[in-house]
Number of protein chains: 2
Amino acid sequence: MKDILFDFLSKYVSLTDDEKNALLALDIFRSVKKGTVLLQEGQKSKDSYFILKGCIRTYYLIDGEEKTTAFYTEMEVLTPPCVISKTPSEYYVGCLEDTILTVSNSDMEEETNRKFPKFETLCRVLSEELLAKQRIDFDAFKTSSPEQRYLNLIQKRPDLIQRVPQHQLASYLGIKPQSLSRLRARILEKKS
Amino acid sequence: MKDILFDFLSKYVSLTDDEKNALLALDIFRSVKKGTVLLQEGQKSKDSYFILKGCIRTYYLIDGEEKTTAFYTEMEVLTPPCVISKTPSEYYVGCLEDTILTVSNSDMEEETNRKFPKFETLCRVLSEELLAKQRIDFDAFKTSSPEQRYLNLIQKRPDLIQRVPQHQLASYLGIKPQSLSRLRARILEKKS
DNA sequence: CGTATTTCTTAACTTAAGTGAACAAGCGAT
DNA sequence: ATCGCTTGTTCACTTAAGTTAAGAAATACG
């Protein structure tokens with residue numbers, strides 16, 4: 001379990017045993033049950049998550065309707081915007097499956113960054129990379145139709161289509177569940 | 001002109017005169033004419049931009065059509081994804097107006113980060129903040145209709161509606177120029 | 001088990017965006 | 001001042017998504 005974390009981190013910086021132990025001493029590993037809500041709308045939080053196993057999602061409650069905007073699975077990091085802006089959260093974070101993750105709070109990170117400059121570099125590189133990746137995703141979303149987005153999802157994240165309920169996928173694609181059903185039927189028709 | 005840059009930076013870190021001079025020594029200020037293309041599709045680049053005055057946009061060329069995905073104006077930073085991924089650019093960067101900006105390349109930044117840890121912190125905080133901001137924008141886009149997006153844009157970036165051509169605004173909103181025209185007529189009708 | 005709830009699909013109808021085309025206004029360059 | 005190109009609007013028509021509703025299938029749970 002620890003290995004998954006360190007394998008991930010080794011892609012960005014190489015850590016000494018001392019540094020690894022410092023990380024482990026923080027006792028950040030958590031196991032949470034499917035259905036758990038990690039963060040509520042309106043709540044303040046300083047926690048970031050790194051998924052070791054399982055799946056979580058972020059969603060808004062708009063006019064009584066859940067709007068899912070992102071999924072995070074194995075080896076992915078989520079720092080909710082409210083942690084950065086220090087304001088109440090605009091969205092919920094919930095577990096779609098039994099999930100193992102690390103929970104680290106921003107005070108802790110500040111301190112670690114001060115103690116080990118290497119971590120500051122890690123955080124900078126990681127967020128630069130996430131920013132670029134998210135920009136590409138955003139652009140792809142803007143420049144394509146719901147159908148193209150769905151076909152793209154099949155290519156890029158085939159696992160999500162298996163493990164996530166359709167109506168959550170639908171709002172992730174920016175449409176209603178009924179439209180996703182129809183769209184899928186349309187694609188099947190074309191193939192034949 | 002330098003003051004605009006230092007005012008911006010002072011929101012994140014406080015710089016000594018020595019540090020300021022080190023920055024100025026890099027000679028990063030540029031003045032570019034309206035219409036200039038700063039980055040082409042397929043091109044490799046290490047340059048990031050900070051806009052002091054004017055406006056630039058990023059756009060894709062898809063099936064011979066320009067798809068504008070972002071605008072950057074006064075006090076905004078753009079690091080194209082290709083700079084981070086070190087791969088050829090997927091999009092163009094062009095100037096909508098005569099623009100004054102700084103151009104800094106990533107090698108330069110690496111070095112500055114090594115010399116002044118303060119800059120590393122600056123870069124980390126800035127990209128964390130941009131990541132969070134972009135996430136909020138992306139979510140808002142996904143969870144709203146073209147009409148809501150347009151109304152939202154009037155609230156959040158009224159300047160863009162004045163200074164940017166409609167057809168570029170349209171693709172920024174994820175629709176065709178004709179649809180934007182119609183949508184605006186529809187809104188006017190509702191008001192009366 | 002079997003019942004309740006959630007999830008998914010289908011269908012008919014409404015609304016809005018995409019498409020193709022025509023036209024007018026604005027702007028830039030000569 | 002004029003010619004040409006870019007830009008914005010309008011219209012008729014097509015296509016696809018939103019809405020409302022009903023029912024089937026899968027899943028959760030007592």
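Reckoned from all heavy atoms, side chains included, excluding hydrogens, waters and symmetry mates. Lettering follows sequence order; numbering is per chain, from 1.
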> Rounded to whole Å, how long is the line connecting atom OH of Y150(A) with atom P of dC8(C)?
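After rounding, the reported distance stands at 11 Å.
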> Tell me the interatomic distance from L169(B), atom CG, to dA17(C), atom P, rounded to whole angstroms.
15 Å
> Rounded to whole angstrom units, what separation is found between the CZ atom of R184(B) and the P atom of dT7(D)?
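So the CZ-P distance, R184(B) to dT7(D), works out to 15 Å.
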> Answer with base, sugar-phosphate or nothing: what part of the nucleic acid does P177(A) contact at a heavy-atom distance below 4.0 Å?
nothing
> Are any of the side-chain nitrogens in E120(A) or R124(A) under 4.0 Å away from the carboxylate oxygens of its partner?
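Here E120(A) does not pair with R124(A) in a salt bridge, since their nearest N and O are not under 4.0 Å apart.
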> Between dG8(D), dT9(D), dT19(C), spot the one nearest the side chain of H167(B), thanks.
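In terms of side-chain proximity for H167(B), the closest of dG8(D), dT9(D), dT19(C) is dG8(D).
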> To the nearest angstrom, how far is Q162(B) atom CD from dT7(D) atom P?
17 Å
> At what distance, to the nearest 0.5 angstrom, does CZ of F71(A) lie from OH of Y172(A)?
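That separation rounds to 7.0 Å.
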> Taking NZ, NE, NH1 and NH2 as the nitrogens, is one of them in E76(B) or R157(B) under 4.0 Å from a carboxylate oxygen of the other?
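R157(B) and E76(B): salt-bridged.
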> Touch check for R182(B), heavy atoms < 4.0 angstrom, all strands: base, sugar-phosphate only, or nothing?
base
> Consider the side chain of L183(B), meaning its heavy atoms from C-beta on, and name the nucleotide among dT7(D), dT10(D), dA17(C) that approaches it most closely.
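When the side chain of L183(B) is considered, dA17(C) is the closest of dT7(D), dT10(D), dA17(C).
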> Between S181(A) and dT9(C), is there a side-chain N or O to OP1/OP2 distance below 4.0 Å?
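Yes, within the criterion.
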> Side chain of Q178(B) only, please: which of dT7(D), dA17(D), dA21(C) is the nearest?
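When the side chain of Q178(B) is considered, dA21(C) is the closest of dT7(D), dA17(D), dA21(C).
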> Between F138(B) and F138(A), how do the two ring planes meet: parallel, tilted or perpendicular, split at 30° and 60°?
parallel
> Closer to the 5' end of DNA chain C via nearest nucleotide, is it K34(B) or K176(B)?
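Result of the comparison: K176(B).
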> Which word best sums up how the rings of Y59(A) and Y92(A) line up, parallel for under 30°, tilted for 30 to 60°, or perpendicular for over 60°?
parallel
> Would you tell me if any nitrogen or oxygen in the side chain of R186(B) comes within less than 4.0 Å of OP1 or OP2 on dA17(C)?
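Checking dA17(C) against R186(B), a side-chain N or O does come within under 4.0 Å of OP1 or OP2.
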> Please state how far atom CD in Q168(A) lies from atom C1' in dT7(C), giving the value in whole angstrom units.
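It is 10 Å, rounded to the nearest whole Å.
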> dC27(C) P sits how many Å from Q166(B) CD, rounded?
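That distance rounds to 13 Å.
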> Starting from C1' on dT10(C), measure out to CD on E189(A) and report it in whole angstrom.
13 Å
> When the distance from NZ of K33(A) to P of dA28(D) is rounded to whole Å, what number comes out?
14 Å
